[in-house]
Amino acid sequence: MTVAHHPADPELALAAVHGEALLTHTVRGLLGTPEIDLVAVAAPERCAQLFSEVLPRTERCEVIAADSLRAAFAIVEPRLSAHSAVLVHDALRAFTPRRTFRAVLNAIGHGAEVVVPVLPMSDTVKTVDAAGAVTATVDRDELRSAHTPIGFTFPAFRSTLAGSADPGLATAAGATTIPGDPDAMRVASAFELALAEALVAGGDREDPL
């Protein structure tokens with residue numbers, strides 16, 4: 001499933017990179033992973049038709065007009081089994097390598113209930129007080145930046161959905177982490193769109209930057 005995280009995301013998902021919508025690139029990567037049986041794209045009503053127009057016509061891909069992931073899942077759930085894995089992927093992370101999807105699914109297959117791809121924190125992180133003055137430097141060794149797809153077993157996803165307004169952002173304590181990939185960046189600014197153009201022009205992106 002792909003899900004927008006912020007009010008402006010549906011429009012951003014239609015931004016063009018190399019002549020195609022970001023969402024097209026996102027879904028192509030998901031469909032290019034044979035282990036994924038169904039890609040359900042949750043779309044606000046206002047964007048459902050536009051989303052449908054930029055996506056391939058295949059039984060493995062479906063646009064669901066729903067204003068929340070909970071509503072979209074309610075439509076898809078009857079087609080899933082108790083042994084299904086559910087991936088929640090940010091539609092703006094259009095160039096996530098297929099190996100990352102496979103790694104998440106593999107971790108679930110080996111017993112993890114929730115799986116999150118992460119990258120080491122490279123920036124120096126500071127804490128500040130109410131006036132904005134630096135109070136301390138945070139040790140980066142235990143910090144990670146998280147991205148999607150977040151993987152769930154079917155029972156774990158149902159449980160998370162029942163207790164969270166946005167499972168797409170859920171990073172529950174105890175979740176298993178796997179190495180993420182720099183190419184899975186979120187494309188949401190003019191600079192990131194330019195970088196995405198460069199990624200596409202560079203050809204095969206299965207090797208990380």
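Heavy atoms only: backbone and side chains are in, while hydrogens, waters and symmetry mates are out.
- Summarising the geometry, atom CZ belonging to R186 is positioned 13.5 Å from atom OG belonging to S145; distances are rounded to the nearest 0.5 Å.
- Although no hydrogens or angles enter the test, the distance criterion places no donor-acceptor pair under 3.5 Å between the side chain of S159 and the main chain of P155.
- Rounding to the nearest 0.5 Å gives a distance of 8.5 Å between CD1 of I108 and CZ of F152.
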Report task. Assess whether side-chain contact (heavy atoms from CB on, under 4.5 Å) is satisfied between T26 and V41, documenting all intermediate values. Result -> CA-CA 10 Å; T26 302; V41 182; over 6 Å; no
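- By the 4.0 Å N-to-carboxylate-O rule, R60 lies too far from D37 to be salt-bridged with it.
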Distance-only criterion, 3.5 Å: show the donor-acceptor pairs between side-chain atoms of residues 192-201 and protein atoms not counting sequence neighbours.
from : atom 1 : to   : atom 2 : distance (Å)
E192 : OE1    : A188 : N      : 2.7
E192 : OE1    : S189 : N      : 2.9
E192 : OE1    : S189 : OG     : 3.1
E197 : OE1    : H18  : N      : 3.1
E197 : OE2    : H18  : N      : 2.9

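- Taken from CG in L105 to CD1 in I36, the straight-line distance is 6.0 Å, to the nearest 0.5 Å.
- Taken together through direct or relayed side-chain contacts under 4.5 Å among Ile, Leu, Val, Met, Phe, Trp and Tyr, L161 and I75 form part of one hydrophobic cluster.
- Across H147, H89, H25, a single residue satisfies ring-ring contact (aromatic ring centres under 6.0 Å, His included) together with F95, and that is H25.
- Hydrophobic clustering, with ILVMFWY side chains joined whenever heavy atoms are under 4.5 angstrom apart, keeps V116 apart from M121.
- Minimum interatomic distance between A72 and A66 (heavy atoms only, all atoms of both residues): N-CB, 3.7 Å.
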Query raised in the report: Would T33 and R102 satisfy side-chain contact (heavy atoms from CB on, under 4.5 Å), going step by step from the backbone distance to the final call?
Result: CA-CA 7 Å; T33 308; R102 293 191 180 102; 3.9 Å; yes
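- Listed here is the closest heavy atom pair of A112 and T176: CB-OG1, 3.5 Å.
- Atom CG of L22 sits about 13.0 Å away from atom CD of E11, to the nearest 0.5 Å.
- Across all non-hydrogen atoms, the minimal contact from I178 to A103 is CD1-CB, 3.6 Å.
- Looking at every heavy atom in both residues, T24 comes nearest to E20 through CG2-OE2, 3.9 Å.
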Query raised in the report: Do I150 and L87 pass the side-chain contact (heavy atoms from CB on, under 4.5 Å) test, and can you show the C-alpha distance, the side-chain angles, and the key distance before you say yes or no?
Result: CA-CA 6 Å; I150 300 174; L87 302 186; over 6 Å; no
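- Follow the hydrophobic side-chain contacts under 4.5 Å out from V54 and you reach V63 in the same cluster.
- Residue R28 qualifies as enclosed at atom CZ: its count of foreign heavy atoms under 6.0 Å is above 12.
- Here L92 contributes atom CG and L12 contributes atom CG; the two are 5.5 Å apart, rounded to the nearest 0.5 Å.
- In terms of heavy-atom proximity, C61 sits nearest to V27 at SG-CG1, 3.8 Å.
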Query - Test side-chain contact (heavy atoms from CB on, under 4.5 Å) applied to E53 and L50, step by step - result: CA-CA 5 Å; E53 291 172 0; L50 291 173; 3.9 Å; yes
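- Between T100 and P149, the closest side-chain pair of non-hydrogen atoms falls below 4.5 Å.
- Distance check, rounded to the nearest 0.5 Å: OG1 of T96 to CZ of F101 gives 5.0 Å.
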Donor-acceptor pairs under 3.5 Å, side chain of residues 124-133 to any protein atom, not counting sequence neighbours: which ones?
from : atom 1 : to   : atom 2 : distance (Å)
K126 : NZ     : T137 : OG1    : 2.5
T127 : OG1    : T135 : OG1    : 2.7
T127 : OG1    : A136 : N      : 3.3
D129 : OD1    : A131 : N      : 3.0
D129 : OD1    : G132 : N      : 3.0
D129 : OD1    : A133 : N      : 2.9

**Report entry** salt bridge (charged side-chain N to carboxylate O under 4.0 Å, His left out) assessment of R70 paired with E77
**Finding:** CA-CA 10 Å; R70 180 177 285 104; E77 183 176 9; over 6 Å; no
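- Side-chain atoms of V115 and T177, non-hydrogen and from C-beta on, never get closer than 4.5 Å to each other.
- Using cut-offs of 30° and 60° on the angle between ring planes, the pair F73 and F154 is tilted.
- Looking at R144, its side chain never comes within 3.5 Å of a backbone N or O of L119 through a donor-acceptor pair.
- A91 and A13 make their closest contact through CB-CB, 4.5 Å (heavy atoms, listed as atom of the first residue, atom of the second, distance).
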Requested in this report: Please lay out, stage by stage, how R98 and E35 fare under the test salt bridge (charged side-chain N to carboxylate O under 4.0 Å, His left out).
Outcome: CA-CA 10 Å; R98 290 184 294 276; E35 295 88 342; over 6 Å; no
